[in-house]
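Below: one structure, written as structure tokens.
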There are 2 protein chains.
Amino acid sequence: MYTIGQISEMFGIPISTLRYYDKEGLFPKIERQSGIRRFSETEVETLRIIECLNASGLGIKDIKQFMEWTTEGSATYARRRQLFEKRKAAVEDEIRRLQKTLDMLKYKCWYYETAIRDGNEDRISAMLPDRLPPEIQKLYDHGRS
Amino acid sequence: MYTIGQISEMFGIPISTLRYYDKEGLFPKIERQSGIRRFSETEVETLRIIECLNASGLGIKDIKQFMEWTTEGSATYARRRQLFEKRKAAVEDEIRRLQKTLDMLKYKCWYYETAIRDGNEDRISAMLPDRLPPEIQKLYDHGRS
DNA sequence: GTATTACCTAAACCTGACTTTAGGTCAATG
DNA sequence: CATTGACCTAAAGTCAGGTTTAGGTAATAC
């Protein structure tokens, strides 16, 4: 059993945030000892799931919904699975989107390296939009598609 | 030359957002014809950069700073390059973070597939934390590290 | 000539995710 | 026995990134 301060330390999450999560119903089964929250392994695992779902871009209201399902036992396995499948697809999309952004950023890095070397952007402008060096052209094209 | 409505269509960005960007100084050189904004190729390119920097997680104030640098010519090439290098590193970090999240989500998908098949979580609980099937163990371990 | 459509502004409003504030309880320490 | 430290609540405040509202102009369509 842990106090809110210990959990805050363990996860690097401010106490105020943990209390806010609790107020929002993210720890549906948390116990209290004369008013004081007692975090068990259940809540530690819950917090790991919160971090994961949060990192996947899910909002707090939907995380709360998920936590309610976990209190309903095996009847909600299918819904919970569905949620994770959707989050998986969303994160895969997000990674693809970031991969494109990354190619655009790499192109821009090359752009400014070249502009610094040349002292101006004239030579690059003359190569646009389809006469860039092959490797750079790939980045440029992927970054816009 | 394009009107704000045409640009909104082209980029799939609400007109209100484009006006908001302008108010925030993201189109430092935009022209007006008796009060009406006229978007040229310069602003189209600016919007592509806004989308890219935004997607990289940069806030609007910092994007504005960048746009100011572009109006100062070759004197700011080095600062602009530095910004893109930093965004590149930030996006690389974010992709790594999402990769971990993805592994955790894949593990959770397997978890619920298995729980559904078994009708309960007992068999899985008995395998935790280090007797999971090899492929799943990899996902589980990576997702927490 | 009026009605519609596309544009304009300033300012208020909204949402999500916290954080801060103000005031209080309770156990241990000097 | 008073002060410190760790906990508590409710409510207000903050911030980013927009969106909505209310009121106005100006060209085209019927």
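In what follows, chains carry the letters A, B, and so on, assigned in the order in which the sequence lines appear, proteins first and then strands, with residues in each chain numbered from 1. These figures come from a predicted structure and were not determined experimentally.
- A donor-acceptor contact closer than 3.5 angstrom links the side chains of Glu43(A) and Ser40(A).
- Nearest nucleotide to the Ile36(B) side chain, out of dG18(D), dC18(C), dC8(C): dC8(C).
- The distance from atom CZ of Arg32(B) to atom P of dC8(C) is 6 Å, rounded to the nearest whole Å.
- Separating the OH atom of Tyr21(A) from the P atom of dG16(C) is a distance of 15 Å, rounded to the nearest angstrom.
- In this structure, the nucleotide among dC7(C), dA11(D), dC18(C) sitting nearest to the side chain of Thr17(A) is dC18(C).
- Looking at Glu72(B) and Tyr77(B), their side chains never bring a donor and an acceptor atom within 3.5 Å of each other.
- Between the CG atom of Leu18(B) and the C1' atom of dT9(C) there is a distance of 16 Å, given to the nearest Å.
- Residue Ser16(A) is in base contact, counting any heavy-atom pair closer than 4.0 Å across all strands shown.
- Summarising the geometry, the separation between CG on Asp22(B) and C1' on dG18(D) is reported as 15 Å, rounded to the nearest angstrom.
- At least one side-chain heavy atom of Ile60(A) sits less than 4.5 Å from a side-chain heavy atom of Leu26(A).
- Here the P atom of nucleotide dT19(D) and the CD1 atom of Ile13(B) are 10 Å apart, to the nearest Å.
- Under the 4.5 Å side-chain criterion, counting only non-hydrogen atoms from C-beta, Lys64(A) is not in contact with Tyr21(A).
- A donor-acceptor contact closer than 3.5 angstrom links the side chains of Tyr111(A) and Glu121(A).
- For Asn54(B), whose side chain is taken as the heavy atoms from C-beta onward, the closest listed nucleotide among dC7(C), dG18(D), dT9(D) is dG18(D).
- One can place OH of Tyr20(B) at 18 Å from P of dC13(C), the figure rounded to the nearest angstrom.
- Remark on DNA chain D: of its neighbouring residues Gly57(B) and Ile15(A), the 5'-side contact belongs to Ile15(A), judged by nearest-heavy-atom nucleotide.
- At a threshold of 4.0 angstrom between heavy atoms, the contacts of Ser34(A) with the nucleic acid are absent.
- Looking at heavy-atom distances under 4.0 Å, Arg37(B) makes contact with sugar-phosphate atoms alone, never a base.
- The distance between atom CD of Glu24(A) and atom P of dT19(C), rounded to the nearest whole Å, is 13 Å.
- For Thr3(A) and dA6(D), the shortest distance from a side-chain N or O to OP1 or OP2 is not below 4.0 Å.
- For the OP1/OP2 pair of dA16(D) and a distance below 4.0 Å, the side-chain nitrogens and oxygens of Lys61(B) include at least one atom meeting the criterion.
- Per the geometry, CE belonging to Met1(A) stands 16 Å off P belonging to dC7(D), to the nearest Å.
- Listed candidates were dC8(C), dT9(D), dA11(C). Nearest to the side chain of Arg19(A) is dT9(D).
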